[in-house]
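Heavy atoms only: backbone and side chains are in, while hydrogens, waters and symmetry mates are out. Convention: sequence-line order gives letters A, B, ...; per-chain numbering from 1.
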Amino acid sequence: MVITRFAPSPTGYLHIGGLRTALFNYLWAKRNGGKFLLRIEDTDRSRHNEEAVKAILEAFEWVGLESDDEVVYQSQRHEIYRKYIDQLLEEGKAYRCYMTKEELDKLREEQIARKERPRYDGRYRDFQGTPPEGIEPVIRIKAPLDGTIVVDDKIKGKIEFRVQDTLDDFIIARADGSPTYNFVVAIDDALMGVTDVIRGDDHLSNTPKQIVIYQALGFDIPNFYHVPMIHNEKGKKLSKRDGATDVMEYKREGYLPEALLNFLVRLGWSYGDKELFSLDEMIKLFDPKEINKSASIYNIEKLNWINREYINQKSSEELAQLLNISPTPVIELVKNRCSTLVQLEQEVKKIVERPTQYDSKSLKKHFKELNRELLKEFLEKIQNSNISCEDALSSILESRGVGMAKLAQPIRIALVGVAQSPSVVDIMKILGKDEVVFRIEKLLAEVQ
RNA sequence: GGCCCCAUCGUCUAGUGGUUAGGAUCCCAGGUUUUCAUCCUGGUUACAGGGGUUCGAAUCCCCUUGGGGUCGCCA
């Protein structure tokens, strides 16, 4: 059974980098008929932010990625961690360190001054004496003193970390007794039965520490896949300052969740020349071992294209529902000119609602004296007979011997206020003669 | 700075010793369209640099350069 997880820390909203990681985990679990789990990393009490948790869950709901079990909150598992800390203490694999923060800071400064790597010096590792008064100790793990730790990463290959320049006896529990990140990650992954850890490669350098924990506790080491970051246009790690990184912002801007997922899955992964993937196809085809080694730069153009594709795959009924409006044939008329639902909404309004103003450039070009004359003739014709708007249009063009644009363009301006729109014939059919008459009279009356 | 990772069109990518280096997006041009959009056709643009290995390197090795990540009693 393949069990994967996504483990965000609730410091804010879910951003697209996180969503991609979650998606990778989700797909891999589903492909193997396994489980995808969600865990909130809030060991640090100051990090437990109800709002943020809600925001993250809301985003997952929107895109439709569900955890297969109840969401795990680390803040509720302190007893479990306590138990393992005690165990390591008893077995002599961890120890109390009475060094104060100030002493530690000083040590670090000195080391940096000497151009050495800041590193705990192990002064309490084998301490037997009486502990200093009034100091709440932290708990440190006994890390190996030399040799190497190998991370067998399924994307990047085997990576060797020399203990001497990557590890020290790091803290697994703070002075207040609360456990630290690398410690609980290893425990929770093991206890939750996680077999495959797919996460950002900013965690790569944490992995040796976690391996130390796995080994100390006798847990099996899972498969690691460290996926490259998504960078912003400047080539830097995506941060909250980089515009629309909040997943829910994409909802507000009119992107479809399936389009966003499709966009994200192609960042760092591909399947031949295939660009469009339904969720089922992704599940069938995705393999984290095929993820690229290099970072990719986030670029919205492709997303816009994908979103347009998905919008056009949808029926008018579905789109009406998404826009929360009643179905109208107008949607069919305009959907192929929209990259987002927001645009679609605007395009629908442009036709359904009467123009409140007329574009001056369009007027200047297509509402000259002859156009006005033709428009008046058209208006009279449809008012005084049963002729359809379409027939009236072509009959006038024929009798006057003028090109289509001479009359169609002023009609268009009357109908929607600008010189660009879908076919005027189609619009007139949908609007009906009365409304066409009204809008033409309005233009004639308001613009001299 | 130490350690680690990475390097093909502007961007996302295909490519695993022999290809006119392919696709997508973007951009441009032409066609279609009463207009705009769609659609169709075509086009511009890439193996970071230098050494090897080899009959032959985008593909393997090394160096340089460039970029990124990480170095907490944060996660």
Who passes side-chain contact (heavy atoms from CB on, under 4.5 Å) against Ile221(A), sequence neighbours left out?
Ile211(A), Tyr214(A), Gln215(A), Phe224(A)
When you get a sec, tell me which of rU34(B), rU25(B), rA75(B) is the closest nucleotide to the side chain of Gln409(A)?
rU34(B)
What does Ser362(A) touch in the nucleic acid at a heavy-atom separation under 4.0 angstrom: a base, only the sugar-phosphate, or nothing?
nothing
Looking only at atom C1', what distance separates rA48(B) and rG66(B), rounded to whole Å?
7 Å
Ignoring hydrogens and angles, answer whether the base of rG1(B) and the side-chain atoms of Glu116(A) contain a donor-acceptor pair closer than 3.5 Å.
no
Residue pair Arg308(A)/Met404(A) against RNA chain B: nearer the 5' end by closest nucleotide is Met404(A)
Separation of rC73(B) C1' from Tyr98(A) OH (nearest whole Å)
15 Å
With rounding to the closest Å, how many angstrom separate the C1' atoms on rA7(B) and rG15(B)?
15 Å
Crowded around Arg117(A) CZ? As in, over 12 foreign heavy atoms under 6.0 Å?
yes
Choose from rU35(B), rC12(B), rC73(B) the nucleotide whose nearest atom is closest to any side-chain atom of Arg412(A).
rU35(B)
Hey, does Val418(A) reach any base, or is it just sugar-phosphate, or nothing, if we go heavy atoms under 4.0 Å?
nothing
rA75(B), rC5(B), rC6(B): which one has an atom nearest the side-chain heavy atoms of Lys293(A)?
rC6(B)
Which residue lies more 5' along RNA chain B, comparing Asn292(A) with Asp273(A) via nearest heavy atoms:
Asn292(A)
In Watson-Crick or G-U wobble terms, both distances under 3.5 Å, what is the partner of rG1(B)?
rC71(B)
Set out, in order, the CA-CA distance, both residues' side-chain angles and the distance that settles ring-ring contact (aromatic ring centres under 6.0 Å, His included) for Tyr95(A) and Phe127(A), then state yes or no.
CA-CA 9 Å; Tyr95(A) 59 93; Phe127(A) 182 68; 9.7 Å; no
Would you kindly give the CG-to-P distance between Asn304(A) and rC26(B), to the nearest whole Å?
9 Å
Cationic tip of Arg140(A) above Tyr120(A) ring, under 6.0 Å, 45° of axis
yes
Roughly how far apart, to the nearest Å, are rA57(B) and rG51(B) at atom P?
12 Å
Roughly how many Å apart are rU38(B) and rC71(B), using the P atom of each and rounding to a whole number?
46 Å
With respect to the side chain of Phe161(A), which nucleotide from rC6(B), rC12(B), rC3(B) is positioned closest?
rC3(B)
For a quick check of understanding: with a heavy-atom distance under 4.0 Å over all strands, which category does Pro8(A) fall into, base, sugar-phosphate or nothing?
nothing
Protein within reach of the bases, or only the backbone? For nucleotides 66-72 of chain B, mark each nucleotide 5' to 3' as B, S or -, using heavy atoms under 4.0 Å.
--SSS-S
rC73(B) OP1/OP2 closer than 4.0 Å to side-chain N/O of Ser178(A):
no
Base of rG23(B) paired with side chain of Glu275(A) (donor-acceptor, under 3.5 Å):
yes
Who does rU32(B) pair with, Watson-Crick or G-U, both distances under 3.5 Å?
none
Please determine whether salt bridge (Lys or Arg N to Asp or Glu O under 4.0 Å) holds for the pair Glu435(A) and Arg354(A), giving the CA-CA distance in whole Å, both sets of side-chain angles, and the decisive distance to 0.1 Å.
CA-CA 9 Å; Glu435(A) 181 64 18; Arg354(A) 291 167 176 167; 2.8 Å; yes
Applying a 4.0 Å non-hydrogen cut-off, can you work out what Lys302(A) is touching in the nucleic acid: base, sugar-phosphate, or nothing?
base
Testing Trp28(A), Tyr26(A), Phe60(A), Phe24(A) one by one against Phe6(A) for a ring pair (Phe, Tyr, Trp, His ring centres under 6.0 Å), which residue passes?
Phe60(A)
Taking only the P atom of each, what is the distance from rA75(B) to rU70(B) in whole angstrom?
15 Å
Complementary nucleotide for rU54(B) - Watson-Crick or wobble, under 3.5 Å:
none
Would Asp188(A) and Tyr81(A) count as a side chain to side chain donor-acceptor pair (under 3.5 Å) here? Give the steps.
CA-CA 9 Å; Asp188(A) 284 335; Tyr81(A) 309 134; 2.5 Å; yes
Among rU11(B), rA75(B), rG22(B), which nucleotide sits nearest the side chain of Ser9(A)?
rA75(B)
What is the distance, to the nearest angstrom, from the CD1 atom on Ile149(A) to the C1' atom on rC4(B)?
14 Å
Using a heavy-atom cut-off of 4.0 Å across all strands, would you classify Thr166(A) as base, sugar-phosphate, or nothing?
sugar-phosphate
For a quick check, tell me whether the side chain of Arg266(A) and the base of rU13(B) share a donor-acceptor pair closer than 3.5 Å.
no
